Number of protein chains: 2
Amino acid sequence: MRDNGAMADMTGPTAATAMNERAQHLLKVLVERYIRDGEPVGSRTLARDAGMDLSPASIRNVMADLEEIGFIASPHTSAGRVPTVKGYRFFVDTLLTVKPLAQQEVRLIRQQLDVEDADPQALLASASSLLSAVTHMAGVVTLPRLEHVAWRHIEFLPLSDNRVLAILVINEGEVQNRVLHLDHRYEPSALQQISNYLNAHFAGKDIQAVRTTLLEELRRTRESMNELMVAAIHMAEKAAGGRSRDQGRSYMMAGETNLMEWAELSDVEKLRRLFEAFTQRREILHLMDKCIAAERVQIFIGEESGYRVLDECSVVTAPYKVGDAVVGVLGVIGPTRMAYERVIPLVDLTARLLGAALNPRK
Amino acid sequence: MRDNGAMADMTGPTAATAMNERAQHLLKVLVERYIRDGEPVGSRTLARDAGMDLSPASIRNVMADLEEIGFIASPHTSAGRVPTVKGYRFFVDTLLTVKPLAQQEVRLIRQQLDVEDADPQALLASASSLLSAVTHMAGVVTLPRLEHVAWRHIEFLPLSDNRVLAILVINEGEVQNRVLHLDHRYEPSALQQISNYLNAHFAGKDIQAVRTTLLEELRRTRESMNELMVAAIHMAEKAAGGRSRDQGRSYMMAGETNLMEWAELSDVEKLRRLFEAFTQRREILHLMDKCIAAERVQIFIGEESGYRVLDECSVVTAPYKVGDAVVGVLGVIGPTRMAYERVIPLVDLTARLLGAALNPRK
DNA sequence: TCTGGCACTCGCTGGCGCGGAGTGCCACAG
DNA sequence: CTGTGGCACTCCGCGCCAGCGAGTGCCAGA
């Protein structure tokens with residue numbers, strides 16, 4: 001039916017002309033079928049599955065159109081059709097019927113994330129392993145970013161010899177600590193004095209401000225007690241640098257090994273590059289960071305992500321909020337042939353429940 | 001020359017009868033060659049490499065003996081020979097000539113581990129990635145175990161609402177912290193009072209003892225201030241459970257992806273099981289724990305480890321000491337075909353330097 | 001005791017033919 | 001004009017076979 005018909009349009013089918021009701025339905029069935037079995041879908045199979053009482057020959061005509069506009073492709077001449085990235089995209093954007101999650105899954109997720117009093121680390125770990133367990137793919141959760149990094153409290157604890165343990169509390173109960181090796185021994189009272197001074201002056205202040213003030217102070221008073229101040233500055237720097245700007249943020253991942261069980265990723269060299277990227281973190285992190293601006297679920301199919309290692313993968317993400325502020329992103333990484341209609345609601349729900357669980361006000 | 005010779009011994013060659021000077025040398029050359037190239041070694045190649053002016057035919061006789069006593073095997077009839085586990089074992093135990101490390105490598109390792117003032121976590125991470133980088137295999141370092149888990153200091157810091165941050169210091173500068181949600185608001189002075197009390201009574205005590213004393217105390221006084229005490233007990237439990245008994249110890253691993261580049265591990269299913277074991281941790285940890293009793297370098301070749309997933313791998317470990325006490329184990333995991341003569345001194349040196357770097361007395 | 005020679009085994013490669021799945025196109029019917 | 005049955009064609013995967021190369025075991029002779 002290509003262009004031997006009476007149609008005046010000589011340019012061949014375009015998405016607009018070709019994607020009538022029937023073509024859409026067939027594309028949908030084809031994608032669903034391929035996602036289920038992982039094998040190229042032929043016209044006979046499709047005719048049976050589509051349930052619209054058409055012969056394989058008719059189906060073939062439609063398939064030829066779908067191929068021409070780039071929604072499906074055949075690995076070789078006699079091998080049925082497979083969705084392309086464009087095809088998946090159309091499927092996800094306009095054909096997808098999102099299935100609600102199974103009761104049992106919802107219960108499982110609630111149970112794991114609705115924990116009273118859980119510590120954030122454990123929650124993030126739970127979330128990522130949940131995502132991986134339910135989808136049989138890899139789950140990933142970025143560490144939440146903190147908007148305001150505020151100085152709260154510092155404490156010096158004498159250890160043996162000239163060593164002192166410095167404990168710096170920032171924000172709502174985050175703790176940094178470090179053992180300092182000092183030039184000489186300080187009396188406990190001296191340590192107390194210094195921490196009193198620091199706490200009195202800086203409690204509640206932004207940690208960057210604290211840092212500059214301390215440097216200023218140091219320049220002015222010289223010599224006196226500077227060692228501990230220097231240490232305080234270092235810790236402040238570490239705390240600020242490590243947390244506030246997106247520098248050095250990281251993520252937790254679970255279920256990477258699941259990916260080895262998907263036939264389409266069974267090439268060792270590709271797997272190596274993928275896992276390399278997982279441990280390198282940089283690229284994955286960049287991708288996740290892009291999603292922090294999004295409102296809801298976001299999907300990258302194959303090359304859409306822009307990272308070569310993910311060319312054969314899809315990534316489904318959702319930002320999670322504490323209160324009203326988006327603080328992190330979680331998601332699932334798997335082969336492009338993934339059950340989007342199940343993954344999307346899962347990622348969505350997990351993000352919402354994780355956000356709720358992280359909310360400190362209870 | 002099997003048993004058609006003039007030898008009266010009808011039982012065929014045994015390790016004792018067959019392993020004369022020549023056979024040993026040939027085995028050595030064969031193993032070295034196979035480790036280098038990864039391909040079965042034939043009699044012609046071996047004759048050339050051995051440098052002992054023997055014809056391939058003679059070599060073949062010796063090889064037949066070596067095969068009969070189980071030191072080498074052929075993958076199939078016409079494919080040269082490959083060392084068996086037994087062969088590697090003999091090679092490692094009695095034939096190995098350990099090469100000293102290259103100057104450059106030693107310098108690299110020193111540079112990474114001889115850091116003033118580094119924090120232990122970072123040192124362990126350095127050590128494992130060093131091991132993996134130098135060997136192109138996976139490096140692993142167990143977290144050091146602490147002999148005495150002693151209560152040092154507790155501090156309660158009021159946060160907003162009814163929340164209190166509890167900070168517990170154990171040993172030499174290790175910090176545990178937790179946010180507590182309490183029934184009602186405590187005055188800072190009350191918090192101070194409680195921490196004073198706890199610190200005065202328990203500083204320096206073993207944390208298990210603290211726990212039982214606290215439980216006792218709690219039963220006696222009832223009701224009064226029990227909330228914070230309960231929290232203190234919980235933290236003590238967590239600190240003790242997590243550290244003292246080998247329960248829950250863990251390890252750091254680096255360079256797992258290197259293993260994907262070895263041809264002998266290029267089966268995806270095997271890789272999956274291996275990586276599964278790495279994330280599961282249990283089996284690897286058991287194996288490492290066995291080595292804590294050893295004095296120096298220990299080697300498990302193939303099935304020797306006793307864990308099925310490691311059947312095609314060798315593990316080279318060494319315990320590391322802080323002061324005189326062994327506190328952990330580090331090592332390298334790779335294919336049985338690894339360059340033992342380089343790995344062994346590397347693991348040995350790394351263990352010694354890591355121990356030195358972790359030593360708190362400087 | 002060593003060695004050259006020889007027959008043999010076995011995996012690997014490439015060519016060939018076949019069957020099956022699936023396609024594109026065409027002519028014909030409603 | 002649309003849908004359908006038919007048909008030739010393409011291409012993959014498989015089994016088969018032959019040729020080769022590498023390596024072996026064994027034997028007879030120095």
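These figures come from a predicted structure and were not determined experimentally. Sequence lines set the chain letters: A, B, ... in the order given, protein chains first and strands last, and positions in each chain run from 1.
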Quiz prompt | Basic-acidic side-chain contact under 4.0 Å: E39(B), R33(B) | solution = no
Self-check item: Charged N-O contact under 4.0 Å between R272(B) and E269(B)
Solution: yes
Quiz item: Starting at CG of N61(B) and ending at P of dG4(C), how long is that distance when rounded to a whole Å?
Solution: 13 Å
Quiz item: Could you give the CE-to-P distance, from M63(A) to dC25(C), as a whole number of Å?
Solution: 14 Å
Quiz item: What are the two closest non-hydrogen atoms of L131(B) and G139(B), and how far apart are they?
Solution: CB-CA, 3.9 Å
Exercise. Report yes if a side-chain nitrogen or oxygen of R81(A) is closer than 4.0 Å to either non-bridging phosphate oxygen (OP1 or OP2) of dT23(C); otherwise report no.
Key: yes
Practice problem: Report yes if some heavy atom in the side chain of F278(A) is under 4.5 Å from a heavy atom in the side chain of E283(A); otherwise report no. | Solution: no
Quiz item: Just by modelled atom types, is the I35(A) backbone N or O under 3.5 Å from a matching donor or acceptor in the R337(A) side chain?
Solution: yes
Quiz prompt | Distance test, side-chain N/O of S58(B) to OP1/OP2 of dC2(C), below 4.0 Å | solution = no
Quiz item: Pick the nucleotide of DNA chain D nearest each of S78(B) and E67(B); which residue has the one closer to the 5' end?
Solution: S78(B)
Self-check item: Along DNA chain C (nearest heavy atom to each residue), the more 5'-positioned of A79(A) and P56(B)
Solution: P56(B)
Quiz prompt | Close residues, residues 35-45 of chain A, relative to DNA chain D [heavy-atom separation under 4.0 Å] | solution = none
Quiz item: Can you tell me how far P of dC12(C) sits from NE2 of H76(B), to the nearest Å?
Solution: 6 Å
Quiz item: In terms of side-chain geometry, is the basic nitrogen of E105(B) or R342(B) positioned less than 4.0 Å from the acidic oxygen of its partner?
Solution: yes
Exercise. Would you please indicate if the ring centroids of F71(A) and F91(A) are separated by under 6.0 Å?
Key: no
Distances for protein N/O vs nucleotides 5-7 of chain C N/O pairs under 3.5 angstrom?
{"from": "dG5(C)", "atom 1": "O6", "to": "R60(B)", "atom 2": "NH2", "distance (Å)": "3.1"}

Quiz item: To the nearest angstrom, how far is E68(A) atom CD from dT23(C) atom C1'?
Solution: 15 Å
Quiz item: What integer distance in Å separates D53(A):CG from dG30(C):P?
Solution: 17 Å
Self-check item: Spacing of L54(B) atom CG relative to dT1(C) atom P, expressed in whole Å
Solution: 13 Å
Exercise. May I ask you to verify if any side-chain N or O of T77(A) is less than 4.0 angstrom from the OP1 or OP2 atom of dT10(D)?
Key: no
Quiz item: Quick one: I72(A) CD1 to dT23(C) C1', roughly how many Å, whole number?
Solution: 12 Å
Exercise. Could you tell me whether E32(B) and R36(B) make a salt bridge, using a distance below 4.0 angstrom between a side-chain N and a carboxylate O?
Key: no
Quiz item: Within a strict 4.5 Å, meaning less than it, do heavy atoms of the C313(A) and F300(A) side chains meet?
Solution: no
Self-check item: Rounded distance in Å - CZ (R33(A)) to P (dG22(C))
Solution: 10 Å
